[in-house]
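A, B, ... follow the sequence lines: proteins, then strands. Residue 1 opens every chain.
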Amino acid sequence: MAELRAAVALFLVLTVLVGMIRVARGPSFADRMLVALLMGTTGVAVLVLLAASPGAGALRDVALVLSLLASVTVVAFARLAASGREPAAGPAPGHPDAPAPAPAAATVTVTATVTATAAATDATAAAGADAAAAPEPPP
Amino acid sequence: MSAWQLYALSGLAWFGVGMWGLFAHAHWVRKILAVNVAGSGLFLVLAALARRATTPAPDPVPHALVLTGIVVGISATALALSVARRLAEVEATARLDEDATHEPAAPPAGADARAGGDAAPPPAGGGAPP
Amino acid sequence: MSAGLAIDAALALVLPVLAWAVVATPDLRKAIVLFMALGLVAALAWARLAAPDIALVEAAIGTGVTGALLMSCVPWAESLTPASRRARADLALAGALAVVACLGWAIRALPEAGPGLTPAVLGALEVSGVEHPVTAVLLNYRSYDTLLEIVVLVAAAIGIDAVLPDDDARRRLAPPARSLVGVLSHLLVPGAVLVAGFLVWKGAHAPGGAFQAGAVLAAGGILLLFARRLRPVPFAARALRGALLAGPLLFLGVAVAPLVRGGRLLELPVAWAGVLILAIETVLVVTIAIVLLMFFPARVLASSRAPAATVEDPP
Amino acid sequence: MTALELVAGALLCAGAAFFLAGTVGLLRFPDVYTRLHALTKADNLGLGLIVAGLALDAGSVAEALQLGIIWSLVMVSSSLSCQLVARAARRAGVAPWRRR
Amino acid sequence: MTEPAWVAGVVVIPLVGALIAVLAGRRAAPIAVVTAVGAAVAAAALVRQIARDGVVEHAVGGWAAPLGIALRADGLSALFVAAVAVVGTAAIVYALAHPGTPHRFHAAWLLGWAGLAALAVSADAFNLYVALELLTLAGATLVALASEAAALRAALRYILLALAGSLAYLFGVVLLYAAHATLELSALGAAVTPGPVTAVAIAAMVAGLALKSALFPLHGWLPPAYAGAPAASAVVLAGLLGKASFLVLVRLWFEVVPPSLRPDAGLLLGVLGAAGALWGAVLALRQTRLRRLLAYSSVGQLGYLFLVFPLGTGPALAGAVYLVLAHAAAKAALFMAAGSIERACGSDELGALRGLAPRMPLTFLTIGLAGLTLMGLPPSGGFVAKWLLLGASLETGQWWWAIVLVVGGFLAAAYVFRVLRLAFLPAAGAAAIARAPRGAELPALALALVSLGLGLAAAPPLALLGAGP
């Protein structure tokens, strides 16, 4: 049983490493964030498997903490890092069914975003940040 | 090649990669990331060396040292990132002042107007804004 | 145990490769995700090295705080002009290789088995007031290091407040609105508070303690910050600074008390050691959580996306 | 190998299979939204099976309960994370894949 | 009642003061003054105790050496803590009188003060690492208080290189701990045997500390940091924080490094120090801004400190430590004067100094007196230090270091007189200047007189260092 647990743990570690390819290939930042999700779930699974062996009970608490905090990075991604437009949106260009790339209208230049934060104007800036960031609907 | 030497050399390679990154890159955020990576590598070496202990449980003192090191590392990283963010803001404002001085004629509508309505760039001189 | 050694080999091989990937990729976003992956694989390595305390801190601070901190860099990182000197990648590579070779030679030359300080730590464990050796080292034998480390945290807090003052960013925060992150925080934050308390209590007899608990509490706070349920840390408010400094001041009080009676700095009376350590750890959790939350000042949140009032349905 | 261990082993293997499905989906699916399904659904179920397998021969009820808590937390965070990533991708202009 | 443990008090008082200063926020100034006085009293008591009892030991937490952390105060640490008290108090008075200082200066500087005291009295290798990190953060905050892009870039470079140095130092500590299972310096010294582990560990620690103390050619980060920081920050950075890593290196060198390794490693450090001394002085001559001139002068003066490694213990060590004290007072006074000049005529361009002396007599008197120490002319403290170093180099037959000292002295004279000459020229136009507040000029003059006093009353401090005439 211990041997099986170690084997499954090894298998999961390998799946994580294979999942890394998505980080390299993933066209958009959201694709790369998927690996963070994969990390969270598989990490918890491996830790729980390792925790089953005698004397390593503390690893279950590590798994507990990891399961609790896995979503913080994703929330930070959604709130902070996702405002930039993706250069080559859509599936990998090589994919046969890739639609014509969406108009790469880089509406939000980073400089404007930074000055929006540095701007000391009142409530308009909050609305301004929304207007600047709202994308026009793709075709 | 016992388990601890495996991890010790892996941590050492990790430390070397971090140090290379620090001196090889010119971008500030990537340098900060590289120092963080180097620190983690060093802590892995320390924990691996602790695993050499002949007693069943590894030596607890290096574990405490690593804990202290991680907290000190995150503090320094957070301060460095905050200074870098402030530098980005100051540079962006400076860049806008240059733009503002170059086309004073018709005030450009839209974003520039809002940007034009900026607060005066941070006061020159030694003091940070109170 | 061949599978165990295989896991060790896989982890030991992947770590430097991942580290190189983090450092080498030009795209900062890819580097951040790889950095998160590196943090997690490191947590597995700590688990394999029988260092549950470090795995706990790596998981709590790594996935909880560092990830969100790096995400807050994405909007402004590209606009930052690089450091003046051109990057000398080749010189750095040669230097790094030389350093690694020397250090590797030294590590190989280390004696195979060393008992380390384990016998000394375990020998004095029953008078240390706690059962878990790492907590005994952190808060009794080498508590002076921990005291200075808390002061380092306070120094980081002052630095961040000096560099990114609140002044007017606080007014530009979006008003609280129902959002998906709000739902998430409703479900997870009570759990985070419970786990933080559990970790502090557990620190006395098993891996846990103030740092892990503080990081978990801070992560819960970060969720609330992004859900607009919590305002960013008002460092200007004296009450907040009081809460931040309660931990270090109590720690200093406990440290100085024996000096008055002619004892030595940080000499915990044996009878009260356990209670004092628990008290210090509990108050330190608040300090650590506040400082970690200060990594997300009003300026950072003012530039974050306001929660969408309505769910956009695709055309 | 008692019957209980046999079942536990089977559950672990099933869990590993679902994780494999999740990773294959992550690599093979055409766009973000479908990959999200692969990840948050398949991996979640995989973790559930592994937790079930471990709970069967867990040392104490408390251990099994803790495993249950861990799994439920992962379910909460991964389902909501899936929504967050999908919306962020939607806003960043990632067009859903359509079969030609 | 037994003597209170001043070796612990010296660290605890600035710590408590710093935390209360953080709590006080904008009204941190009075807290800073009270803390400075308290810490100065503790430093004086420690000096008295060391003079009477010799080395003072203090096992923190009551745990013996390998397990617990040992504090140890000897002549070197007592004198450095006294120097921190003197220069620190003057810096706080200067900060109060200098209107441009941000209110957060006091809390950041008191944290740096606590870090310096912790570093001076600690005898534990890892504890020194944490103290060095505290100094890195406090120093970076002090530089980043100025909100110009140049200062922020300097602060970033300061943090990153200090972190790299600390990691190199920590790697050495890790190797030594792995080999000898102790972190206490003297125990390490006893246990260390020449071999690959020791050689690599010492090399890593020395390289890290050399980078942190801006030894040539790793000095690039120092001038922009000292020139960009606000005036009061530059005073404490140049005067005190810049010397911390050198002190750790001296303690490491004379307590841990096995004598067999010292000759050749010492020669390397000596050569780099000599190159730094000459290079710093030459670059100082070519600067057009006062603060950058003083920053490169610091790089040069540090070069002299590194001559202690080839020259070994005894008078050479006493000379180097004495130079640390004299230079701390003199360079702090010079940076205060530079701050006053910058305040008075808006910029520290050397051109703006023309004909300034008649209108700012006290400031230029300070520059002259402090310049004596830089040049190493009698009766300044700098002279006594360089005299000891000269004597040691001639005694040990390594006469070439003597040449470096003399040539360096001439170059220092060149750039000090360059500043003074400009000030005493007849002013071209009667540029209106804002009177520098009297309060800002007095602490500068006081420190210049202290650096002079170190020369005149050299016997007691030297006796404390065990090298009295």
Check: A:Arg25 side chain, D:Leu27 main-chain N or O, donor-acceptor pair, under 3.5 Å:
yes
Toward chain A, the part of D:Leu26 with a non-hydrogen atom under 4.5 Å
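Both parts, heavy atoms under 4.5 Å.
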Using non-hydrogen atoms and a 4.5 Å limit, figure out which bit of D:Ala8 sits close to chain A: side chain, backbone, both or neither.
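For D:Ala8, heavy atoms of backbone and side chain both lie under 4.5 Å from chain A.
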What's the spacing between D:Ile70 CD1 and A:Leu47 CG if we round to 0.5 Å?
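One finds 9.0 Å between CD1 of D:Ile70 and CG of A:Leu47.
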Nearest-0.5 Å distance that lies between atom CG in D:Asp57 and atom CZ in A:Arg5
6.0 Å
Sort out for me which of A:Ser67, A:Pro54, A:Ala70 touches chain D most, counting heavy-atom pairs under 4.5 Å.
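Sorted descending by pairs with chain D, the first entry is A:Ser67.
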With a 4.5 angstrom heavy-atom cut-off, which part of [X] approaches chain D: side chain, backbone, both or neither?
X: A:Val16; result: neither
X: A:Leu12; result: side chain
X: A:Val18; result: both

Going by heavy atoms in the side chains, are [X] and [Y] under 4.5 Å from each other?
X: A:Leu4; Y: D:Cys13; answer: yes
X: A:Met33; Y: D:Leu84; answer: no
X: A:Leu49; Y: D:Leu12; answer: yes
X: D:Val32; Y: A:Ser28; answer: yes

Mind listing the closest non-hydrogen atom pair of A:Ala30 and D:Ala89 along with its distance?
CB-CB, 3.8 Å
Under the side-chain contact (heavy atoms from CB on, under 4.5 Å) test, residues paired with A:Ala7 that sit two or more places apart
none
Identify each donor-acceptor pair in which a side-chain atom of residues 34-46 of chain A lies under 3.5 Å from a protein atom, sequence neighbours left out, and give them as a table.
residue	atom	partner	partner atom	Å
A:Thr41	OG1	A:Leu37	O	3.2
A:Thr42	OG1	A:Leu38	O	2.7

Quick check on the structure: residues of residues 14-22 of chain D within a heavy-atom distance below 4.5 Å of chain A, by number.
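Result: D:Ala16, D:Phe19, D:Leu20.
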Are there residues of residues 62-69 of chain D whose heavy atoms fall under 4.5 Å of chain A's heavy atoms? If so, which?
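Against chain A, the residues of residues 62-69 of chain D that fall inside the cut-off (heavy atoms, under 4.5 Å) are D:Glu63, D:Gln66, D:Leu67, D:Ile69.
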Looking at D:Leu54, D:Val74, D:Ile50, D:Val85, which one has more heavy-atom pairs under 4.5 Å with chain A than the rest?
D:Leu54
